[in-house]
Amino acid sequence: LVLVKWEDATHQDEEASAPIGTMLAWTVGFLVHRTRKEIAVCQEIFEDGYRKNITTIPRGMVKSVLTLAKIPIKIGD
């Protein structure tokens with residue numbers, strides 16, 4: 001279980017009054033994928049291995065990754 005702090009891109013319509021820029025975001029979830037290019041976390045893992053609500057974050061946007069807990073999950077039990 002990890003907490004990922006990352007810099008997200010923003011989208012604004014022409015009418016938006018807020019300044020244009022990026023925004024910090026925090027995502028909590030099960031670490032399911034980690035490479036030099038990206039990190040992916042999901043919110044749910046099912047006993048058959050299905051993963052739901054996966055967020056994939058490019059490594060260049062990741063500011064930090066904090067391990068919150070190590071939870072052994074056995075698929076197929």
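Residue numbers start at 1 and run along the sequence shown.
Pairing each heavy atom of W6 with each of T27, the nearest pair is NE1-OG1, 2.9 Å. Pairing each heavy atom of D8 with each of M61, the nearest pair is CA-CE, 3.8 Å.
Linking ILVMFWY side-chain heavy atoms closer than 4.5 Å, directly or via other members, places L24 and V4 in two distinct hydrophobic clusters. I45 and L31 fall into different hydrophobic clusters, where Ile, Leu, Val, Met, Phe, Trp and Tyr residues are linked whenever their side-chain heavy atoms come under 4.5 Å apart, directly or through other members.
Qualifying side-chain hydrogen bond (donor to acceptor under 3.5 Å, both in side chains) partners for K63, counting only residues two or more places apart in sequence or in other chains: E7. Qualifying side-chain hydrogen bond (donor to acceptor under 3.5 Å, both in side chains) partners for Q43, counting only residues two or more places apart in sequence or in other chains: none. The side-chain contact (heavy atoms from CB on, under 4.5 Å) test applied to T67 returns V2, K70, not counting sequence neighbours. For L3, the side-chain contact (heavy atoms from CB on, under 4.5 Å) criterion is met by W26, V28, L66, L68, not counting sequence neighbours.
The list of salt bridge (Lys or Arg N to Asp or Glu O under 4.0 Å) pairs with a residue in residues 20-36, not counting sequence neighbours, is empty.
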Which pairs of donor and acceptor atoms, one on a side chain in residues 50-60, lie under 3.5 Å apart (sequence neighbours left out)?
residue : atom : partner : partner atom : Å
N53     : ND2  : E44     : OE2          : 3.4
R59     : NE   : T35     : O            : 2.9

